[in-house]
Each structure stands twice: as structure tokens, then as C-alpha cells.
Amino acid sequence: MEQFEPDRPSPAQLAAMRRSLRNGRAAMTRRSLLRASAGGALAVGGLGALSACGIPAAGKSQGGEAADDLSAKEKTVSFSNWTEYMDVDDSGKHHPTLEAFTKRTGVKVKYTEDINDNNEFFGKIKPQLAAGQATGRDIIVLTDWLAGRLIRLGWVQKLDPSNLPHAFANLSQQFRNPDWDPGRAYSYPWQGISTVIAYNKKALDGVEVKSVSDMLDNPRLKGRVGFLTEMRDTIGMTLLDMDKRPEKFTDDDYDAVVARLQKAVDKGQIRRFTGNDYTSDLTSGDFAACIAWAGDVVQLKADSPDIDFLIPDSGYMTSSDNMLIPNKARHKTNAERLIDYYFEPRAAAELAAYINYVCPVDGVKEELAKIDEDAANNPLILPDQAMQAKSHAFRSLSSKEETAYEEKFAKLTGA
């Protein structure tokens, strides 16, 4: 088990956090970004506190620590998730799938949208977890790299397979065996996040884009391409384009990618590095092509016939947001029942139809077609086998690697 070190984040890690707070996932949810004017920012407290707070020394907590499971006596479960990451009815006051779960099981869900950013949320819960105390939450949803960190620290509980029959049977193959949680012993994916190339047909004006190389090298696209401020997405897509595997790359491979991107920056090929705000550049035509998140592209395509996407022959990046049960959770069995519920095709389809991310559940297409036939046939929501075969995940990083890589990436992007 990894030893928790209560050091302050490095300058590079703080820069990455600020990028996320300014214009990454924390800045605005993708669905609300597409509703609102571009360039808005979400003020999230806690960054300063995270960088300066004193955390109790680790070593007392052995990890995987359960409290008395009160599920049988207390028909409740506390679920912390990202904002606008759950289906909502037309009134905006009810979550139909959660209410259907309660109606069936009698278990009431205390659903809280209190995750705005991975690092910020980690700063919120780590004092309790490091001290071996309860967080007051039974399920938390974290992006894969942070989920892996909590597993290594021993701060989440091993799941009971007997309570997860649908999850075990219906989990999509591409999400079954991440290197940070082999065999999904501690986590199950909430949704997948695909990184693809999006383009504006009108802005391309006949220029053909089929790869990251086309974006970086075609002089007709100078100053009209965009890459993401999320390191794993930009570096991962470029690694693939250079015939390197994001699952197994070396320091030299990373440096080669940075050098290639730096060359494109220096000659003005890359207009800028962005977070979610690339959507406004793409729809306006300031970006002819950019690295993009599939959930955005689904919405953009629905609003504009000029927007489309492609999967390069070299492949694309996939990450996931994941459900975990933290140490000392009081309702572990209820939490596992809720996790399993979202791997039933009907519930998974209702969720996918609303939020438009990559559904990690096999056998959903028929149910989804009853709700939204276009969504059921959209490979950005339900990837077919050919698309799944092209997906790649960014390998886990040690603390030393993450610091070094973020420093280099921050210099590249001017953060």
C-alpha cells in the first residue's frame, strides 16, 4: 500500500489544479457550458486551503476499513457526484432513476452534487481519510487517476461481488481491467470519457483532417487548431499519433511529444490550449479542428450541422469517472446495491440518454433505442466493437512522474 505523504502539492500540480478550475471540468459542466455563454468560470473554494492545510501524518490507517454496516437498519445511502451528472425530469427537481431505485428497494438516496474538481474534492476528504475517520459519504465518483490514488493509499473499501451481479455481468470490456484497479476490485465506472478530434466542416473549407499529424503539420490550418489543457488527453492523443502506447510510454516518449507540440506552438500552428471553452472556438470557426471530449461533441452536433468528429486510425483516449466506497462508510451494502442498479440496462439507458457520455454498460442499446434512437446509434455514447478496440488509457503515474510531467506540460501550455 502506498504511504500517504502530507506534503503540499508541487508548483506544477498547483498549476494543473488552477487550469482545471479556470477552464477544465471544474470551470463549468459540459452540459451547462453548452447552454451558457462561453468563458464563464466557476469560483470554487478550497484551492488555497488545499495548498496550505496541515494533514495528519499517515500510517495509522491500514486501508479498506469498514465501519459497522448499518444498511439493514438504516435504509439510506449517501452519494456524492459531479454537477449535472444525473438524469433530471422536466421540472428540474427530480432524478427519475434514483427515485425508481428508492421505490424498488426502499433505500432513500441522499444525492449531493458536491464534486467540482478532483483535486479540490480530494482536499476536502483527505483529512478524514488520512485520520481513519468517516467522510459521511457512501459513494464518491472520481476520475480514474485519483481513484487509483485512493486505492493505493488504502482509503477505499473492497467491493463484495455478491452484491454486484449486474455490474459484473454487464460491464463493458474496455473498462474491465484498468491498471490502477485490475479486475475492478474497488471501483466500477460511472461513465466513460472519450477524447476525439472534432472539426468544423465550414472552417476546414476542404482541408482534410484525419489525424493529429494533420492538425500539427498542415500549413493551411496554421493558427486554427486547438489542444486541451488536460495533460493526459493532449499528451495521450499525440503519443498515439507517434505510434507510442499511452499505457506503456517512457520519459523519453513523453519528452518527444512535448518537443513536437512545442514546435507547433513556436510556429503558430496551435492557436491555443483550452478547457471546455474550445466549444465556442469550434462553433465560431476560430478552430477548424481541435482535440475534444465526446460528450461535448454529441451536443454540438445536435446544434450545428457543421460540427463533426473523427477517430484517428492511431486510436483515441478513454478515461472514466468511477464509483468508490470510502473507508468507514456506514451503508456499504446499500451503496453496492445502488452501484449494481446502474448496471441494469434500463437504468443505464435512462442515464445515458440524458447525460450523453460513454455508457460503460453492455446490453443497453435496445433499451436506449426506446428512449432515443439517435443516441442508441451514436458511437460516442455506445461505442461499437471496432471503436472500443481503438481506445487507450493513460497509464498510472507515480507522484514523481506526475510532478515532472506537469511541470513540462505547464511550460508548454504557458500555464
Side-chain angles (χ1 to χ4, degrees), residues 29-32 34-35 75-113 115 138-141 163-175 187-194 293-299 301-303 318 320-324 334-384 387-388:
T29 63
R30 294 169 193 154
R31 180 176 294 276
S32 61
L34 296 169
R35 283 204 305 252
K75 295 295 185 178
T76 185
V77 61
S78 179
F79 184 1
S80 282
N81 203 348
W82 295 73
T83 55
E84 298 198 44
Y85 217 7
M86 180 67 74
D87 56 304
V88 181
D89 71 357
D90 291 340
S91 74
K93 298 178 180 179
H94 301 280
H95 300 294
T97 57
L98 288 176
E99 292 182 5
F101 172 79
T102 297
K103 184 176 180 180
R104 181 201 299 180
T105 64
V107 176
K108 294 183 179 180
V109 183
K110 180 184 177 184
Y111 185 70
T112 308
E113 295 181 334
I115 304 178
D138 299 306
I139 299 175
I140 55 178
V141 178
N163 292 328
L164 296 157
H166 297 97
F168 180 80
N170 296 334
L171 177 60
S172 175
Q173 186 62 42
Q174 74 180 107
F175 295 105
S187 70
Y188 269 93
W190 175 246
Q191 296 291 291
I193 305 167
S194 294
W293 289 304
D296 290 339
V297 179
V298 172
Q299 296 295 320
K301 277 173 59 67
D303 295 334
T318 296
S320 58
D321 288 328
N322 309 273
M323 296 176 282
L324 306 103
N334 288 344
E336 290 167 338
R337 293 176 71 186
L338 184 57
I339 292 171
D340 192 63
Y341 166 72
Y342 278 104
F343 280 83
E344 296 180 22
R346 178 64 185 180
E350 291 183 16
L351 181 65
Y354 186 81
I355 64 177
N356 297 150
Y357 282 77
V358 179
C359 180
V361 183
D362 280 343
V364 167
K365 187 168 186 176
E366 183 177 347
E367 291 291 340
L368 185 54
K370 297 175 184 177
I371 305 168
D372 185 338
E373 191 168 351
D374 288 341
N377 293 313
N378 191 330
L380 296 181
I381 297 174
L382 296 182
D384 56 24
M387 184 168 172
Q388 288 186 31

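- For the atom pair CD1 of I140 and OG of S78, the computed distance is 10.5 Å after rounding to the nearest 0.5 Å.
- L164 CG to L171 CG: the interatomic distance, rounded to the nearest 0.5 Å, is 10.5 Å.
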**Request:** May I have the step-by-step check of side chain to side chain contact (heavy atoms under 4.5 Å, CB included) for L98 and L338, ending in yes or no?
**Result:** CA-CA 9 Å; L98 288 176; L338 184 57; 4.3 Å; yes
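- Using a 4.5 Å cut-off on side-chain heavy atoms (C-beta onward), D340 and N163 make no contact.
- In this structure a side-chain-to-backbone donor-acceptor pair under 3.5 Å is missing from N170 to V361.
- Within a 6.0 Å sphere centred on OH of Y111, other residues, nucleotides and ligands contribute more than 12 heavy atoms.
- Atom CD1 of I339 and atom CG of N334 lie 11.0 Å apart (nearest 0.5 Å).
- Contact check for Q191 versus P360: side-chain heavy atoms found under the 4.5 Å cut-off.
- Atom CD of E366 has 12 or fewer neighbouring heavy atoms from other residues, nucleotides or ligands inside a 6.0 Å radius.
- The closest donor-acceptor contact from the side chain of W82 to the backbone of V141 lies under 3.5 Å.
- Residue E113 qualifies as enclosed at atom CD: its count of foreign heavy atoms under 6.0 Å is above 12.
- Inter-residue side-chain proximity for L380 and V297 is flagged as met; some heavy-atom pair is nearer than 4.5 Å.
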**Prompt:** Is there a ring pair (Phe, Tyr, Trp, His ring centres under 6.0 Å) between F101 and Y342 once you walk through the steps?
**Reply:** CA-CA 9 Å; F101 172 79; Y342 278 104; 7.8 Å; no
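- Contact between A349 and E367 at its shortest, heavy atoms only, is CB-CB, 3.7 Å.
- Looking only at side-chain heavy atoms (C-beta outward), F343 and S172 stay at 4.5 Å or farther from each other.
- Using a 4.0 Å cut-off between charged nitrogen and carboxylate oxygen, R346 and E350 count as a salt-bridge pair.
- When atom types are taken as modelled, the side chain of H95 and the backbone of D87 share a donor-acceptor pair closer than 3.5 angstrom.
- In this structure, C359 and L382 approach most closely via the heavy-atom pair CB-CD2, 3.7 Å.
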**Message:** I'd like to know whether F175 forms a side chain to side chain contact (heavy atoms under 4.5 Å, CB included) with V358, so could you lay out the CA-CA distance, the side-chain angles of the two residues, the decisive distance to 0.1 Å, and finally the verdict.
**Reply:** CA-CA 11 Å; F175 295 105; V358 179; 4.1 Å; yes
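- The CG atom of D374 lies 10.0 Å from the NZ atom of K301; values are rounded to the nearest 0.5 Å.
- Note: Q173 CD to D362 CG = 8.0 Å, rounded to the nearest 0.5 Å.
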**Message:** Quick one, V298 with N378, criterion side chain to side chain contact (heavy atoms under 4.5 Å, CB included). Give me CA distance, side-chain angles, the key distance, then yes/no.
**Reply:** CA-CA 8 Å; V298 172; N378 191 330; 3.8 Å; yes
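- Residues N377 and K365 form a side-chain contact, since some pair of their non-hydrogen atoms from C-beta on lies under 4.5 Å apart.
- Minimum heavy-atom separation, S320 to P189: CB-CB, 4.4 Å.
- Residues L368 and I381 meet the side-chain proximity criterion, which asks for heavy atoms closer than 4.5 Å.
- When only modelled atom types and interatomic distance are considered, Y357 and D321 share no side-chain donor-acceptor pair under 3.5 Å.
- Atom CH2 in W190 sits 6.0 Å away from atom CE in M323 (nearest 0.5 Å).
- Under a 3.5 Å cut-off, the side chain of N81 and the backbone N or O of F79 do not form any donor-acceptor pair.
- At a threshold of 4.5 Å between non-hydrogen side-chain atoms, the residues M86 and I355 do not count as touching.
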